[in-house]
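First listed ligand is number 1; within each ligand, the first listed atom is number 1.
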Amino acid sequence: MTQTVKAPATKETVKGFDCLHFIDGKFVPSKNGKVFDNINPATEEVIGTVAEGGAAEIDLAVAAAKRALNGPWKKMNANERVAILRRIADLIIERKDEMSILESLDTGKPTWLSGSIDVPRAAYNFQFFADYIRTLTAESTQHDDIAINYAVRRPVGVVALINPWNLPLLLMTWKLAPALAAGNTVVMKPAELTPMTATVLAEICRDAGMPDGVVNLVHGFGPDSAGAALVEHPDVNAISFTGETTTGKIIMKSAANSLKRLSYELGGKNPNLIFADADLDEVIETTLKSSFINQGEVCLCGSRIYVERPAYEKFLEKFVAKTKELVVGDPFDAKTKVGALISEEHYDRVTSYIKLAKEEGGTIVTGGKRPEGFDKGYFLEPTIITGLDRKCRVVNEEIFGPVVTVIPFDTEEEVLDQVNDTHYGLSASVWTNDLRRAHRVAGSIEAGIVWVNTWFLRDLRTPFGGMKQSGVGREGGVHSFEFYSELTNICIKL
Ligand code: NDP
């Protein structure tokens, strides 16, 4: 049976896109035939069905991945592997428009965004890690005249790649490319809400010449379903998981039974620290993005905005005015800056925090409601809240939507104290033209990534991950290979 993926030229032709599992080189339905509906969050229409996998499909996928570890993939030399990874990148670029449409239909994000970031970055992830293997070395050590030691890299084995719904293709390829480059075989479990680009990605891997069983894909739900079966499976050697902190804790418990290697990219409640000497126009332009891009559904979004008091009023006035200009609506309209939230459940969760903000004494300065003229779709106006402090749940908990709080501060010490008073530690951005302060503050924030006078500027060689409950481990550049490969030290007595 083949998958029903046919290059859809427009959003209309996507109706009836049925997502099947991809196991051992073939697209297959669930053994029990179960499917669930895939909903477009911007229209609330059903756009296709998704095969609902469970333990049976996970067993088949893991068995295929395990067999493939000793198949043609292992026997290929680095040049042959690199050629396949490069072909995957080329095919993603070839199918860029189609993938951007699918990503926007699944997530509700604007097509200019999926077309300019998600899909090109997916291709670049493969190009980058294909190049990276050429520079990869392992250590060797001379032990006086007694012995020499050298380390060799080998794959970890079968790796589970589990992803959330906000950046489905970008994040899946961020894991898949290095996992494959390091010689592993994989089972991908995309979020149930965003199955389409993962399905095309599996097809692309097949078309690029990937041997059967190396890349497997099982759709389905997380708890008590495909996700749980995958993390519990004794033949899975490592799990790369991106998602909520609470899910990460559950997975860690299941993975403990077979002591799997884990890489975690989890939730965040990231601060922006804006000092009065920063260039205000630059600050506003970037803060609009760090607050509302992708409907605020990016783990790196800065949702706690701290502004030094002398700049507070001016910042707020300009920030609110620019936020009101953001067009919310149809992801397929080029004017749209903010699309639809991912689902009804998530819309209810995000808006419950707006209600809570009022109960906690906050003021909704702009936004806070569904924009006029929409009776379908999970649209929400970008929302700015003031008047809250660190004791409030709205300031402490991850909302993961287009909702930010703005809080004034007086001193560097005071703001650092507030910023670090959280169990999250993913990212932060600092805005100042004072060189010494920039270094001092950046080095004092408890976060895995700190940007100075910018946001979300990524060099894929750099370590990516979170501190505290925002993550475990780092990926990116050599750090990805530290996770996706095992080192064996060989000691030779002289
Ligand atoms: P979830 O944790 O709910 O889900 C993530 C993935 O895990 C989904 O595929 C989900 O399946 C699956 N899953 C859920 N429960 C289990 C389980 N018990 N066992 C195995 N798999 C399971 O996250 P969301 O999808 O809601 O994504 C939003 C979160 O992701 C936010 O907290 C955000 O901060 C974080 N994130 C972090 C990033 C980072 O780099 N630090 C980047 C992007 C997002 P299903 O969807 O089918 O339930």
How far is [atom] from the closest protein heavy atom, and which atom is that?
atom                    : result
atom 24 (P) of ligand 1 : Trp165 NE1, 3.4 Å
atom 23 (O) of ligand 1 : Glu244 N, 3.4 Å
atom 28 (C) of ligand 1 : Phe400 CE2, 3.6 Å
atom 43 (C) of ligand 1 : Asn166 ND2, 3.3 Å
atom 41 (N) of ligand 1 : Leu266 O, 2.6 Å
atom 12 (C) of ligand 1 : Ile162 CG2, 3.8 Å
atom 47 (O) of ligand 1 : Glu192 OE1, 2.6 Å
atom 27 (O) of ligand 1 : Pro164 CB, 3.1 Å

Salt bridge (charged side-chain N to carboxylate O under 4.0 Å, His left out) between Glu482 and Arg153, worked out = CA-CA 9 Å; Glu482 294 305 335; Arg153 272 181 203 280; 3.6 Å; yes

Between the side chains of [Y] and [X], is the shortest nitrogen-to-carboxylate-oxygen separation below 4.0 Å, so that they form an ion pair?
X      : Y      : result
Glu345 : Arg349 : no
Lys269 : Glu398 : no
Arg390 : Asp417 : yes

Does Phe483 reach the side chain of Pro178, with side-chain heavy atoms less than 4.5 Å apart?
->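 They are not in contact (no side-chain heavy atoms under 4.5 Å apart), so the answer is no.
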
Would you call Glu192 and Val50 a side-chain contact if the rule is heavy atoms closer than 4.5 Å?
->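 Counting from C-beta outward, Glu192 and Val50 never come under 4.5 Å.
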
Flag: protein heavy atom within less than 4.0 Å of atom 4 (O) of ligand 1 =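 Given the 4.0 Å limit, the answer for atom 4 (O) of ligand 1 is no, no protein heavy atom qualifies.
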
Report yes or no: do Ser114 and Ser104 form a side-chain donor-acceptor pair below 3.5 Å?
->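 A pair is found: one side chain offers a donor N or O, the other an acceptor, under 3.5 Å apart.
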
For [X], counting its heavy atoms only, list the atoms of ligand 1 lying under 4.0 Å from any of them.
X      : answer
Phe241 : 2 (O), 5 (C), 6 (C), 7 (O)
Ile251 : 19 (N), 20 (C), 21 (N)
Thr242 : 5 (C), 36 (N), 37 (C), 38 (C), 39 (C), 42 (C), 43 (C), 44 (C)
Leu426 : 41 (N)

side-chain contact (heavy atoms from CB on, under 4.5 Å) between Phe400 and Asn166: does it pass, once the steps are laid out?
-> CA-CA 10 Å; Phe400 216 55; Asn166 62 329; 3.3 Å; yes

Hey, looking at [atom], which of [options] has the closest heavy atom?
atom                    : options                        : result
atom 42 (C) of ligand 1 : Pro223, Pro195, Pro168, Cys299 : Cys299
atom 8 (C) of ligand 1  : Asn163, Leu170, Leu193, Val50  : Asn163
atom 17 (C) of ligand 1 : Gly222, Ala160, Gly243, Cys301 : Gly222

Can you tell which of Val307, Thr286, Val441, Leu273 makes a side-chain contact (heavy atoms from CB on, under 4.5 Å) with Trp431?
->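 Option passing the side-chain contact (heavy atoms from CB on, under 4.5 Å) with Trp431: Thr286.
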
Of Pro190, Pro195, Pro41, Cys19, which meets side-chain contact (heavy atoms from CB on, under 4.5 Å) against Asp106?
->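 It is Pro195, the one option of Pro190, Pro195, Pro41, Cys19 that forms the side-chain contact (heavy atoms from CB on, under 4.5 Å) with Asp106.
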
Say whether, by atom type as modelled, one donor and one acceptor occur between the side chain of Ser343 and the main chain of His346 under 3.5 angstrom.
->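 At least one qualifying donor-acceptor pair exists.
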
Does any N or O atom in Thr247 lie less than 3.5 angstrom from one in ligand 1, N or O only?
->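 Looking only at distances, the answer is yes, because the N/O contact criterion of under 3.5 Å is met.
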
Close N or O approach (Gly220, ligand 1; < 3.5 Å) |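 Yes; at least one N/O pair falls below 3.5 Å.
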
